[in-house]
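Data first, discussion second: the structure below is written as structure tokens.
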Amino acid sequence: MTTTIFVLNGPNLNLLGQREPRIYGTQTLAEITKAMEQRAKSLQLTLDVRQSNHEGVLVDWLHEAMAKAAAVVINGGGYAHTSIAIRDAVAALQIPVVEVHLSNVYAREHFRRQSMIAQVARGSIAGFGPLSYVLALDAAAHLCKGTAAQGASQIQ
Ligand code: DQA
């Protein structure tokens, strides 16, 4: 069985660090990925972290996850609120999917309070900045192999 977790990032997340830092913080996606990699190592999991600004590419990667991943962590960016295609691709997966957002989407504009992905994901984590990703990874690990509790004391 695979121990790979796909971490899929949607539009504009390549701009993290410079994009609206008041809302999304100053860490780049590469820095967030590094923190996740450290956590993944302690969980004995492998990450495959990707980012695309294109809806269809994200759909293709979700299809790829069917065969190659034990779980998916996804930050759909703006597509979380609009994309039926991504929602349907998540619904088609039999592996656990955890939705993640850096910002607290429930405390922002009204249009961000609904997520298409949340409706079909196993759960969502939002509002903790870069830590959201590490928490989502823990949740995914817990769902796919039950080891998150084991490494929880190592969270920095
Ligand atoms: C986001 C929240 C979305 O509403 C927004 O469109 C993003 C980032 C987040 O991580 O907080 O691009 O997904």
Side-chain angles (χ1 to χ4, degrees), residues 4-40 43 45-66 68-93 95-144 148 152 155-156:
T4 299
I5 310 266
F6 273 26
V7 181
L8 305 182
N9 292 282
N12 301 307
L13 294 165
N14 53 313
L15 298 180
L16 285 179
Q18 40 174 312
R19 171 194 182 204
E20 298 184 90
R22 196 179 55 80
I23 297 171
Y24 300 116
T26 54
Q27 285 197 33
T28 63
L29 189 56
E31 288 166 341
I32 292 170
T33 298
K34 202 172 161 201
M36 289 186 91
E37 295 280 10
Q38 279 172 6
R39 186 81 186 116
L43 292 165
L45 293 168
T46 305
L47 299 186
D48 189 332
V49 183
R50 306 177 186 190
Q51 189 277 329
S52 175
N53 294 323
H54 304 281
E55 186 177 18
V57 172
L58 291 160
V59 170
D60 285 343
W61 287 345
L62 286 162
H63 294 176
E64 196 181 328
M66 278 187 197
K68 296 188 184 163
V72 174
V73 171
I74 182 166
N75 185 346
Y79 285 142
H81 314 296
T82 62
S83 176
I84 294 170
I86 291 174
R87 179 236 177 259
D88 287 350
V90 169
L93 289 180
I95 55 175
V97 177
V98 179
E99 182 190 40
V100 61
H101 294 286
L102 291 151
S103 64
N104 181 357
V105 286
Y106 304 102
R108 298 182 61 195
E109 301 96 326
H110 199 263
F111 64 83
R112 292 186 207 276
R113 292 184 200 157
Q114 173 164 307
S115 165
M116 299 277 175
I117 296 172
Q119 294 166 25
V120 287
R122 289 286 290 274
S124 302
I125 294 173
F128 300 98
L131 180 63
S132 288
Y133 277 86
V134 178
L135 295 173
L137 176 58
D138 272 349
H142 180 77
L143 291 169
C144 73
I155 296 177
Q156 306 272 330

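The figures that follow rest on heavy atoms only: side chains count, while hydrogens, waters and symmetry mates do not. Numbering of ligands and ligand atoms starts at 1, following listing order.
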So among [options], which one has a side chain to side chain contact (heavy atoms under 4.5 Å, CB included) with [X]?
| X | options | value |
| --- | --- | --- |
| Leu102 | Leu131, Leu16, Ile125 | Leu16 |
| Phe6 | Val72, Ile74, Val73, Val97 | Val72 |
| Leu29 | Asn9, Leu15, Val7 | Asn9 |

Return a table of N or O atom pairs, ligand 1 on one side and protein on the other, at distances under 3.5 Å, rounded to 0.1 Å.
| from | atom 1 | to | atom 2 | distance (Å) |
| --- | --- | --- | --- | --- |
| ligand 1 | 4 (O) | His81 | NE2 | 2.7 |
| ligand 1 | 4 (O) | Arg112 | NH1 | 2.8 |
| ligand 1 | 6 (O) | Gly78 | N | 3.1 |
| ligand 1 | 6 (O) | Arg112 | NH1 | 3.1 |
| ligand 1 | 10 (O) | Asn75 | ND2 | 2.9 |
| ligand 1 | 10 (O) | Leu102 | N | 2.8 |
| ligand 1 | 11 (O) | Leu102 | N | 3.2 |
| ligand 1 | 11 (O) | Ser103 | N | 2.8 |
| ligand 1 | 11 (O) | Ser103 | OG | 2.6 |
| ligand 1 | 12 (O) | Arg19 | NH1 | 3.1 |
| ligand 1 | 12 (O) | Arg19 | NH2 | 2.9 |
| ligand 1 | 13 (O) | Asn75 | OD1 | 2.8 |
| ligand 1 | 13 (O) | His101 | ND1 | 2.7 |

**Prompt:** How many angstroms lie between CG in Asn14 and CG in Asn53, if you round to the nearest 0.5 Å?
**Reply:**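 Output value for this atom pair is 4.5 Å.
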**Prompt:** If you take all heavy atoms of Glu99 and Ser124, which pair is closest and at what distance?
**Reply:** OE1-OG, 2.6 Å
**Prompt:** Once the angle between the rings of His81 and Phe111 is folded into 0 to 90°, is it parallel (under 30°), tilted (30 to 60°) or perpendicular (over 60°)?
**Reply:** perpendicular
